[in-house]
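The model shown is predicted, which means the values in this text are computed figures rather than measured ones. First the proteins, then the strands, lettered A, B, ... as listed; each starts at 1. The figures that follow rest on heavy atoms only: side chains count, while hydrogens, waters and symmetry mates do not.
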Amino acid sequence: DAVIKVDHAEFPVHKIILSKCSRYFQALFTNWSAPDKKVYEIPNLSADMTRLIIAYAYTNTVSVTPSNAMELLLAADQFNIMGIVEACCDLLMEAL
Amino acid sequence: FANKGAFNSPQQIILLRFQVWQMDIDDESVDRLWIILKAAIQQILRKDTGGLCFSELYNIAYMLTQQRRAMKMYAGLKEIITQHLSSNVKPEMVDSQKNNFLGILYKTWSDYLVEITMIEDIFIRMDQIYAKNHGMDSVFAIGVTLFKEQVLSHSSIKKQLQQLLLGMIDQDRKGELVDRENIRNICKMLMILSLDGRSLYEEYFEEPFLSRSIKLFQSESRKLLAEKSADKYLKEVEDRIEEEEERALSCLDISTGERIIQVVEQEMIVKHMRTIVEMEISGLVHMLEHTKTQDLARMYRLLGRVPGGLKLMCDCMSSYLRQRGQLLFSQEKAGLNPVDQIQNLLDFKAQCDHFLSESFNNNKLCNQTIIGEFEHIFNLNTHSPEYLSLFIHDKLTKGTKCLTEQEVESYLDKALMLFKILQEKDMFEKYYKQHLSYRLLSNMSVSEHTEKSMILRLKRECGFQFTAKLEGMFKDMSISTTTMEEFLSHIQTVPISLSGLNLTVKVLTSGVWPTQPQAPKCSIPSIPSTAFEVFRSFYLAKHNGRQLMLQYHMGWADVNATFYGSLQKVNDPESNAGGAQVTRKHILQVSTFQMTILMLFNNRETFTFKEIQQETDIPDNDLLRALLPLYWGKPSQRVLVKEPDCKQIKKEDIFTVNDEFSSKKYKVKMKLVPGKKEAAVPQKEGEKTRYRVDQERKLQIEAAIVRIMKSKNRLHHRALVTELTQQLQGSFQPSSAVVKTCIETLIEKEFIARTPEDERAYVYIA
């Protein structure tokens with residue numbers, strides 16, 4: 001019921017699903033939004049990261065690789081997605 | 001940090017992280033960003049959120065947090081909110097005290113709540129990183145606390161809030177129309193303002209509410225008690241509880257429900273329950289006496305809620321039951337028919353059980369109280385074992401009662417209930433044996449099946465030993481039936497005449513039946529005695545080495561009687577006008593003694609008492625008892641006439657056959673002397689039974705002591721008595737005096753001895 005716009009890419013999503021995994025999206029969709037608002041522009045987020053975050057919101061799994069871990073960590077941290085933050089930290093700790 | 005390759009070494013990662021935090025911004029930029037945030041917060045508090053972009057504000061707050069500027073934001077935020085509350089919200093609330101204060105307060109609060117939530121959203125990151133790690137309030141908590149400090153704690157606002165809220169509840173209690181929504185909202189607000197606890201809710205509302213309620217309930221109680229009506233009082237209390245519960249549920253915080261109910265319980269039940277239960281004319285006793293099942297149920301429900309309530313009720317019920325039961329079933333009421341007395345007791349029990357199931361929800365304590373009191377009442381009366389047996393006797397005796405089998409069974413069940421609480425079970429067994437033997441030998445038992453079902457009940461309750469003798473009696477009966485059949489076919493094969501007499505013999509095993517060791521003597525007429533001798537030789541031929549003894553006092557006979565006199569009763573509507581029959585034949589059902597007496601008159605017209613005595617050889621007591629129903633009763637139904645015509649018998653009194661004897665029935669049953677039958681075993685017999693029981697008990701006690709001492713070897717007196725009581729409780733409760741004499745006996749007999757070091761301890765002597 002909503003569309004996320006990042007970097008000229010658009011992702012159709014359900015508000016409730018994103019709200020569940022992120023306080024950021026929860027705030028964005030509820031207190032700070034009219035109920036009928038559909039399109040949300042998110043600055044400072046790449047399409048790749050958005051794809052991963054949305055996948056995580058729907059499946060509760062995220063594919064963290066050494067190559068994307070850092071970027072994903074930063075994005076997840078900013079958007080308050082604790083599950084991903086943890087997954088990235090785990091991977092990075094192992095690498096240490 | 002654009003390095004997308006695999007991390008090769010730890011150093012590389014640390015380096016990368018460093019780069020992130022190295023992206024520092026200068027103080028000037030920080031100030032600039034903060035000014036944006038500050039303006040946004042102020043806008044939000046002014047409810048002017050049109051141009052604000054969440055993502056932007058969030059990102060700024062996020063960045064400032066990352067740049068360790070959280071402290072600055074935190075302090076600034078607090079200042080802005082405080083400023084807003086003290087200069088905008090508070091004056092507004094103070095101003096609106098006249099008009100719909102609570103409504104406005106709630107509106108202000110709920111708006112504020114939305115604002116705080118939006119601000120909180122912006123500062124998610126700060127809450128997470130800064131406040132949490134430094135143990136400081138979250139943004140939301142700051143908002144709530146500031147509202148409390150700046151607005152609610154203002155004395156006039158607080159006072160106004162309390163007054164209005166309590167006033168509304170007062171109105172609601174009086175049944176006036178009140179905006180309950182409003183009450184609920186304010187309570188909800190107070191709970192949120194209490195943050196995790198409920199301190200503010202308690203301070204602003206609950207405490208004054210409860211203390212006001214206490215006063216109200218106290219005066220209400222006083223007013224109600226003055227009316228002296230326990231049932232009304234209880235109804236009011238129950239309504240009150242329901243009402244308060246409903247109010248708490250629908251407009252207060254849910255946790256208050258329990259508390260306000262506690263206040264009701266304390267003020268209206270606990271403080272006055274004794275007064276209520278013991279209230280004259282309407283209290284518990286009144287309810288029990290007048291079968292106020294509903295009122296009792298209500299009392300049970302209400303008193304059951306508070307500690308000690310049920311106990312109080314049961315105590316009161318206890319003393320009532322005891323009084324009432326003793327009135328119903330006391331020793332002094334010996335005049336009353338024992339069967340009726342038992343029935344009265346059972347009716348009373350049924351009534352109590354009705355209360356138990358309908359009013360007391362089958363509560364365990366109540367049940368125990370009832371059973372305990374019945375046990376007390378029932379065992380207080382030393383006649384109980386006899387009466388109970390008579391009661392069962394009455395139900396199992398054939399007669400005019402026409403009970404269905406189910407009815408009899410239900411009576412037996414009830415009797416068993418009393419049997420269970422009976423202490424002197426051995427005593428009961430003695431009586432039961434007597435009554436059972438009467439039923440079996442006089443052929444008066446209602447049915448063998450029912451008899452056996454009663455025995456089965458007793459067996460289930462007390463075990464095989466208890467009913468062994470009773471079952472032996474049945475065995476004798478059935479063996480006798482077979483023996484008689486064999487006897488009848490035997491006499492047809494041998495040339496022996498019984499002179500037209502139908503002989504029925506029941507062979508009873510001695511010891512099983514309540515026979516008297518020495519049966520009263522009696523010289524029975526030659527015809528029956530010859531017949532019996534025939535049987536005796538038949539029986540002894542079959543069973544070598546046995547002994548047969550006639551129990552005259554237990555026999556009975558059907559005697560053909562012919563009366564020759566004319567009926568002279570003119571006013572008898574049933575007699576023919578012409579003349580009365582001259583001879584009338586009847587069959588008289590009599591005892592063996594009576595048969596012996598009556599058959600004397602076949603030889604001669606008159607006998608004096610002394611002559612009867614000499615001819616029959618019957619002992620005086622039995623003779624008097626046998627004679628009385630023959631000459632004393634309704635004049636027309638006297639078989640014999642005595643000269644002089646009085647109840648008392650002297651040696652010279654003369655007896656003749658009453659030829660004017662008349663009866664509508666062909667078969668006439670001679671009533672036995674009342675007392676021999678069910679009205680009551682004559683006192684003497686009762687005493688005899690008791691004496692015999694006492695002797696048997698002594699033996700039982702002695703045997704038990706020896707058993708116990710043998711297994712324990714050495715025991716203190718008190719321990720011995722405890723053990724003894726436990727072993728014997730199935731049949732009776734030994735009195736301490738009897739136990740002592742038994743111990744003395746055993747010491748004399750050198751089964752046990754006192755220990756030299758302690759007089760009160762015993763050792764077993766092998």
- Are the side chain of A/S33 and the backbone of A/T30 linked by a donor-acceptor contact shorter than 3.5 Å? no
- Task: With rounding to the nearest 0.5 Å, note down the distance linking CG in B/N88 to CD in B/Q150.
- Result: 11.5 Å
- Query: Between the side chain of A/Y58 and the main-chain N/O of A/H14, is any donor-acceptor distance below 3.5 Å?
  - Reply: yes
- Residue pair B/Y201 / B/T256, side-chain donor-acceptor N/O under 3.5 Å: yes
- Message: Just by distance, no angles: are the side chains of B/S255 and B/D253 close enough, under 3.5 Å, to form a donor-acceptor pair?
- Response: yes
- For the pair B/S153 (side chain) and B/K148 (backbone), establish whether a donor and an acceptor sit closer than 3.5 Å, ignoring hydrogens and angles. yes
- Toward chain A, the part of B/Y58 with a non-hydrogen atom under 4.5 Å: side chain
- Task: Measure the shortest side-chain to side-chain distance between B/N185 and B/L102 over non-hydrogen atoms and say whether it is less than 4.5 angstrom.
- Result: no
- Below 4.0 angstrom, N of the basic side chain to O of the carboxylate: do B/K38 and B/D31 qualify? no
- Heavy-atom distance under 4.5 Å to chain A: side chain of B/I129, backbone, both or neither? neither
- Query: Does the side chain of B/L45 come within less than 4.5 Å of B/I119's, by heavy atoms?
  - Reply: yes
- Task: Test B/L161 against B/Y204 for side chain to side chain contact (heavy atoms under 4.5 Å, CB included), laying out the working first.
- Result: CA-CA 8 Å; B/L161 183 144; B/Y204 275 68; 4.0 Å; yes
- Message: Would the distance check show the side chain of B/Q43 and the main-chain N or O of B/T49 forming a donor-acceptor pair, the cut-off being under 3.5 Å?
- Response: no
- Query: Pick from B/I122, B/D121, B/L52, B/N59: which one has the most heavy-atom pairs with chain A under 4.5 Å?
  - Reply: B/D121
- Quick one: what part of B/E56 sits under 4.5 Å from any heavy atom of chain A, side chain, backbone, both or neither? neither
- Note on the structure: Filtered by a 4.5 Å non-hydrogen cutoff, the part of residues 76-87 of chain A contacting chain B is A/D77, A/Q78, A/F79, A/N80, A/M82
- Note on the structure: Against chain B, residues from residues 20-27 of chain A with at least one heavy atom under 4.5 Å, in numeric order, are A/R23, A/Y24, A/A27
